[in-house]
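Below is one structure; the comments refer to it alone.
Numbers here simply count residues along the sequence, with the first being 1.
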Amino acid sequence: MNRLAGEFFAALPASSLPSTPSTPSSPYAGLPGRPTLRADSVVPHADSLLPSVPDLARIVAAPPVPGPTTASYYFLERPDPSLLTARGTPGAAPALPGASGQGFPGFPAAPTFPEIPAVPAYDRSPAPPNGRPSLAGQPRFYVTDPEAALRPEAHPIEPDRHPPFDVETIRRDFPILREQVNGHQLIWLDNAATTQKPQAVIDRLSYYYEHENSNIHRAAHELAARSTDAYEGARDTVARFLGASSSEEIIFVRGATEAINLVANTWGRVHLRRGDEIVISHLEHHANIVPWQMLAAETGAVIKVIPVDDTGALLMGEYTRLLSDRTKLVSVTQVSNALGTITPAREIVEQGHRAGARVLIDGAQSVPHTRVDLQELGADFFVFSGHKIFGPTGIGALYGRSEVLRDMPPWQGGGNMIADVTLERSVYQPPPSRFEAGTGNIADAVGLGTALEYVERIGIDAIAAYEHDLLDYATPRLEDVPGLHLVGTAPAKASVMSFVLDGYEPIEVGRALNERGIAVRAGHHCAQPILRRLGLEATVRPSIAFYNTCAEIDVLVGELHRLAADRGNR
């Protein structure tokens with residue numbers, strides 16, 4: 001949460017740093033920061049030539065960025081134009097004020113660049129929203145001790161510093177929400193399919209390509225160090241966000257689908273034999289069904305399914321009866337993408353472990369809406385997709401417990417995942433590198449880290465509470481629409497309000513809403529088994545996020561009333 005501006009500054013020789021002391025009056029005094037040059041970007045790697053970094057134990061203050069910003073107080077700070085190298089101008093960005101520009105051995109100059117996304121940019125205008133005091137004129141602090149900042153004691157638990165939840169202020173951070181569709185203001189209610197991106201993420205991606213773009217881990221030049229720092233820093237952010245015990249337990253993948261396939265093709269092929277059992281639930285997305293069917297066909301394993309009741313809630317007694325000494329893997333969603341049902345994931349994990357099975361939890365629909373603590377959850381594997389939590393598409397993560405990952409073979413072979421190769425044999429890197437063959441999606445991993453930091457700045461508990469209230473607001477109003485039937489009414493739900501409307505096919509409702517600028521999903525949502533269990537082939541699925549409002553729900557409900565009234569005229 002408290003990544004400071006030092007995240008994007010390479011460590012400078014102590015003699016070149018400003019000597020302004022830390023003062024108790026600063027809102028950031030004493031808060032931990034992150035080093036710019038991480039240990040794993042400079043210690044010997046499989047094919048790295050990066051030099052070591054001298055021990056630089058110093059915290060310095062940089063002058064404040066002058067002038068107001070249009071960013072909301074949730075927004076990650078935009079670059080100060082005075083710090084940017086002009087486009088097309090060769091050479092490094094200017095050094096910190098007071099710095100000599102002297103660099104490390106092997107580097108052409110001390111790298112410095114803007115502080116996006118460094119510190120929370122609460123509104124710096126003279127009259128900040130909600131009367132919150134302005135941070136204008138306050139110094140920011142940059143940590144330049146790589147080893148000290150990586151130690152656990154450097155990151156104490158701190159009191160909640162989140163600003164009050166203000167949906168209108170948050171909405172200003174999402175430029176696409178100002179889009180017009182068919183002459184109407186866009187109302188984005190397709191969040192279970194993908195979420196929109198805050199300006200912070202958009203800017204971070206642009207900044208990466210303008211100032212950091214390079215392959216990682218494998219060069220002695222400056223941009224490789226910057227890119228490595230940004231990529232591995234994003235891994236640290238994912239680990240912290242999920243409550244993993246180590247960033248080495250985080251593997252970057254394209255998304256939850258690839259993560260599940262990775263587990264099936266590595267752990268599954270090693271550990272499953274004919275007659276072994278895989279337990280899934282009736283709620284699953286196709287991504288948590290098809291890989292296990294393919295693996296079962298290959299190995300002779302058997303798939304068992306946890307049933308649901310008519311509301312879409314899991315029948316946990318039946319789950320208990322399914323488990324046996326033949327159960328080797330349990331793989332269940334934490335939140336249903338089609339119904340919004342929240343499953344008792346911790347109980348699922350505990351029962352699976354008592355049976356001697358490994359347990360995978362699909363968190364694609366849970367991480368945007370509720371706090372995830374992997375130490376408390378206890379799952380062996382956890383997967384999620386970045387684009388479902390306000391990050392870029394094509395990036396996600398697989399968490400695996402260290403002892404489980406060490407026992408898994410690689411899935412794909414190539415560069416970056418090897419320690420040594422001859423023409424006769426290969427020696428593989430330990431996790432996570434073992435599972436990240438080739439050049440990964442570096443920029444989008446960095447963007448994912450920024451998205452998670454953005455969520456952290458707002459506070460996932462505040463998000464969950466607001467969305468719960470929004471769901472409570474919407475549900476009875478939808479139920480009042482004549483002929484509308486909600487699908488999935490389990491007591492514990494998040495985000496999703498699937499329904500069917502008498503006299504209309506779901507796709508007709510989706511198209512009619514689109515004419516009024518309302519984006520919803522209509523179809524089977526890649527979850528055909530659960531819809532067929534409820535006697536349906538498709539539903540209309542509005543799904544909410546923390547930038548949606550009661551006013552938007554009112555517009556949706558009004559259009560549905562109009563469709564219901566027009567039903568007799570069709």
| request: Might you work through the ring-ring contact (aromatic ring centres under 6.0 Å, His included) test for Y547 and F174, ending with a clear yes or no? | output: CA-CA 8 Å; Y547 44 59; F174 291 81; 4.8 Å; yes
Looking just at side-chain N and O atoms, do [X] and [Y] make a donor-acceptor pair shorter than 3.5 Å?
X: E249; Y: S402; value: yes
X: H387; Y: T195; value: no
X: S433; Y: E436; value: no
X: D276; Y: H271; value: no
X: E232; Y: H217; value: yes

Indicate the atoms forming the closest heavy-atom contact of [X] with [Y], along with that distance.
X: G243; Y: D373; answer: O-OD1, 4.1 Å
X: R434; Y: R406; answer: NH1-O, 3.4 Å
X: L377; Y: V349; answer: O-CG1, 3.4 Å

| request: Could you tell me whether the side chain of R274 and the main chain of V302 form a donor-acceptor pair under 3.5 Å? | output: no
| So, the side chain of E552 versus the backbone of T549: is there a donor-acceptor pair under 3.5 Å, distance only? | yes
| said: Does the Lys NZ or Arg CZ of R477 fall within the cation-pi geometry relative to Y473 - under 6.0 Å from the ring centre and within 45° of the axis? | reply: yes
| Cationic N near anionic O, under 4.0 Å, R235 to E248 | no
| Can you list the steps and then say if Y231 with F252 is a ring-ring contact (aromatic ring centres under 6.0 Å, His included)? | CA-CA 10 Å; Y231 184 78; F252 283 124; 5.1 Å; yes
| Taking the six-membered ring for Trp, are H286 and H524 parallel (under 30°), tilted (30 to 60°) or perpendicular (over 60°)? | tilted
| query | Roughly how far apart are H282 NE2 and I306 CD1, rounded to 0.5 Å? | reply | 11.5 Å
| remark: Output for pair (S498 OG, L531 CG), nearest 0.5 Å, gives 7.0 Å
| field | Other residues, nucleotides, ligands: >12 heavy atoms within 6.0 Å of R254 CZ | value | no
